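Note that the coordinates shown come from a computational prediction; the quantities given were computed from them, not determined experimentally. Numbering of residues begins at 1 and proceeds along the displayed sequence.
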Amino acid sequence: MTFLIIVLAIIAVALVAFVTWFLSFAAEGKCPICALKKLSFSKLTIDIKDVENYDNYVSPLPIMGWSSWNTLRNHISEDSIYETAKAICESPLREAGYNFVNIDDCWQSTFRDENGMLQGELESFPSGMEALCRRINSLGLKMGIYSSNGTLTCEDMPASLGNEELDAKTFASWGVEYLKYDYCHNEVINGSTPIIEYIDISKRGESAEIRLRPEHAKHSGRAKTVKCSDLPSHQGIGFLNHGAGSATYNLDVPTGGEYIFTIHYYKSYLHSKQYMQIIVNGKVYEVFFPKGKAFTHDARVQLSVRLNGGDNNIVLCNPVATRADSAYIQYKKMGDALKKASAEWAAHSGTAEKPITYSICEWGFNKPWMWGRKAGNMWRTTMDITPHWSRIKSIYNRNIKLYKYSSPGHVNDPDMLEVGNGKLSLEENKSHFTLWCMMAAPLVLGNDLRKLFDGSKKSGAIMKILTNKSLILIDQDPLVKSAKRIKRKGALDIIARPLANGDVAICFFNKAGKRKPIEFELETLEEEKYLNFTKAHDYEIHDLWSDERNYGHTIKANVEKHGVKVYRISAN
């Protein structure tokens, strides 16, 4: 009985707290029902169906190259990076297609230069990043760089949140052709928006001649004119929060150019940093309202906006309802900045444009496969990889389910390759590489390439895996369609992907700790519409590891523990 009373008391207190919050939120001109959408934090609520896919004219195929992180971590220098670049060129790796040299975290100095620009670590990268990029380019390779969608990087170095345009211009000026954009120290955009009392519009240094009042706006959704609770004589536009609605103005100005928008708003005491977008003729301007600590409620923020001469369309809104909405907006902002920066730098320098491959690295927290194609070229689907079989297997299990999101120029990224690292067996290294190729993943090496020339048996075996031309052709197939798991037989997965010339790649992956036999009739592939498999009189069955070719309708094989058998099937 006592326990029941305690439970009921807790429920009653929680209910009172919820009702109090609900009423106070509504009193501040906000939609409490809309705010509840944030509970589904990983779901994108912003409508992106009419947003064009991200196209910055990079190669439509998954990238191939090397990254510094898995081996060198935070102990990097221009010498170690350049030595690795030379190792690529002096080995079969370059001919196999590996051409990116990506520098991960800790390349930066801990402070920006006098112009606010990121700069290389002053001791480890004394020549500067632009000079290093030129040296790498002279080898016929491309240089990649790293930053984070946060106030700091994962190693607490200067990052790019709030400096997207400046940093994108910096990277473009150096000649960078890849950006990995991490998620450490991220600050989530708030879905809350204060009551907007009015907006004064003026030329810089002049008095306001235009005032946009609440009654001038056309409201949509739940947006409406409300009274300010502590200033009853004041009113403004409320219910803009958490995607609740929007307010639209049509404004005619005699001359185009820069105008200052002074946004007067009602500041609620002790509120967190709030947010709003002002969309002017399709261009998004962001407004961040500071945390409410002032003694007065009537507050203002300013921003510079470009208006057209004549008619202008101005929309006030806050589309952020969930963490996924915030991530999408922030990652898209950097992607758009990169596209703009590479084009502008080419025009400024009179050189050919170097489009920047944009890698979204938010670890799959906000389901980037649902929106990544609108914001970038590739997106991480999981947390970081490690050279442990259990970790590689778990990443595969997550990534294989996302096959339908791969397309030219937009791919799932299950993270860098650990082939040759840790204590992976030869079979595990082969399986790891095979699975990444089957899943149309970027092939970014994470081992110390400078040590692959020691003449050892292990180094030779690793190089043979990394340069398997037949498997690389699968990964680099122009359809860029990832493998689908079409069947499970206990611990044996059967995965397959369609190829551009009509062939099908099929892989038998044994997750068990002992050898597994497999017998598979090729005609059953016709049942999978995804594969677009055409029945034929006979089939060539090309084993992509042994390079043996056989003909027939049936595959019979034994798959080693933690191993794979992978074939290219062609109609004969």
Side-chain angles (χ1 to χ4, degrees), residues 29 46-47 50-52 162-166 168-169 189 193-228 231 233-241 243-267 274-290 296-320 329 332-333 336-337 339-341 343-345 347-348:
I46 297 173
D47 185 0
D50 293 328
V51 178
E52 292 183 358
N163 290 289
E164 292 86 355
E165 289 197 8
L166 175 60
K169 289 178 181 178
I189 298 173
T193 305
I195 296 172
I196 307 300
E197 297 188 63
Y198 57 90
I199 300 176
D200 281 341
I201 301 176
S202 63
K203 287 282 191 178
R204 184 182 289 271
E206 299 179 3
S207 299
E209 297 182 355
I210 303 169
R211 175 167 290 183
L212 302 181
R213 295 185 177 276
E215 59 268 26
H216 299 153
K218 179 181 179 181
H219 299 147
S220 67
R222 295 176 181 265
K224 61 183 178 180
T225 300
V226 299
K227 289 184 178 181
C228 303
L231 300 170
S233 61
H234 291 215
Q235 61 180 12
I237 302 170
F239 287 70
L240 296 174
N241 63 294
S246 63
T248 302
Y249 296 92
N250 290 311
L251 177 65
D252 191 337
V253 296
T255 58
E258 181 200 26
Y259 284 81
I260 303 301
F261 278 37
T262 303
I263 304 152
H264 292 259
Y265 67 99
Y266 175 75
K267 177 180 280 189
Q274 299 182 85
Y275 178 76
M276 184 177 73
Q277 291 183 355
I278 298 183
I279 306 173
V280 181
N281 302 320
K283 181 177 180 180
V284 175
Y285 295 86
E286 294 184 302
V287 183
F288 291 93
F289 302 93
T296 58
H297 292 287
D298 192 11
R300 69 184 186 277
V301 292
Q302 290 183 318
L303 73 157
S304 174
V305 172
R306 186 160 195 88
L307 296 177
N308 297 329
D311 293 333
N312 292 270
N313 179 262
I314 301 170
V315 180
L316 313 184
C317 65
N318 182 352
V320 177
I329 288 171
K332 190 174 189 309
K333 184 176 182 181
D336 291 342
K339 286 197 296 185
K340 180 180 178 183
E344 288 184 348
W345 180 253
H348 170 77

State, with a plain yes or no, whether a side-chain heavy atom of Ser220 is found less than 4.5 Å away from one of Thr248. no

Non-hydrogen atoms of Ser202 and Ala208 that approach each other most closely: CB-CA, 3.6 Å

Donor-acceptor pair, Asn318 side chain versus Asn241 backbone, under 3.5 Å? no

Only counting residues at least two apart or in another chain, list the ones meeting salt bridge (Lys or Arg N to Asp or Glu O under 4.0 Å) with Glu164. Lys333

What's the spacing between Tyr249 OH and Arg213 CZ if we round to 0.5 Å? 10.0 Å

To the nearest 0.5 Å, how far apart are CE in Met276 and OH in Tyr265? 10.5 Å

From CA spacing to verdict: side chain to side chain contact (heavy atoms under 4.5 Å, CB included), Ile201, Val253: CA-CA 10 Å; Ile201 301 176; Val253 296; 5.8 Å; no

Glu215 atom CD: more than 12 heavy-atom contacts under 6.0 Å: yes

Return the CD1 to CD distance between Ile263 and Glu197, rounded to the nearest 0.5 Å. 12.5 Å

Tell me the closest heavy-atom pair linking Pro319 and Ile46, and the distance in Å. O-CG1, 3.5 Å

Which atom pair, heavy atoms only, marks the closest approach of Ile189 to Val320? O-CG1, 3.5 Å

Can the positive tip of Lys203 be found less than 6.0 Å from the middle of the six-membered ring of Tyr259, inside 45° of the ring normal? yes

Could you check whether any side-chain heavy atom of Ile196 comes within less than 4.5 Å of a side-chain heavy atom of Phe289, counting everything from C-beta outward? yes

Which pair of non-hydrogen atoms, one from Ile195 and one from Cys228, has the smallest distance, and what is that distance? CG2-SG, 4.1 Å

Check whether Tyr266 reaches the backbone of Gln235 with its side chain - one donor and one acceptor, N or O, closer than 3.5 Å. no

Asn313 versus Asn250: any side-chain heavy-atom pair under 4.5 Å? yes

Using a 3.5 Å distance criterion without hydrogens, assess whether the side chain of Asn312 forms a donor-acceptor pair with backbone atoms of Asp252. no

Chi angles and distances behind the side chain to side chain contact (heavy atoms under 4.5 Å, CB included) call for Ile199, Leu316: CA-CA 11 Å; Ile199 300 176; Leu316 313 184; 3.9 Å; yes

So which heavy atom on Ala247 is nearest to which on Leu240, and how close? N-CD2, 4.0 Å

Applying the side-chain contact (heavy atoms from CB on, under 4.5 Å) criterion to Phe261, which one of Ile314, Val287, Asp200 satisfies it? Ile314

Side chains of Tyr275 and Glu286, donor plus acceptor under 3.5 Å: yes

Is Arg211 positioned over the aromatic face of Tyr198, cation under 6.0 angstrom from the ring centre and no more than 45 degrees off axis? yes

Looking only at heavy atoms, what is the nearest atom pair of Gly29 and Val226, with distance? CA-CG2, 4.2 Å

Side-chain donor-acceptor contacts of residues 296-308 below 3.5 Å, not counting sequence neighbours, with atom names and distances?
residue	atom	partner	partner atom	Å
His297	ND1	Lys267	O	2.8
Gln302	NE2	Thr262	OG1	2.8
Ser304	OG	Glu258	OE2	2.6

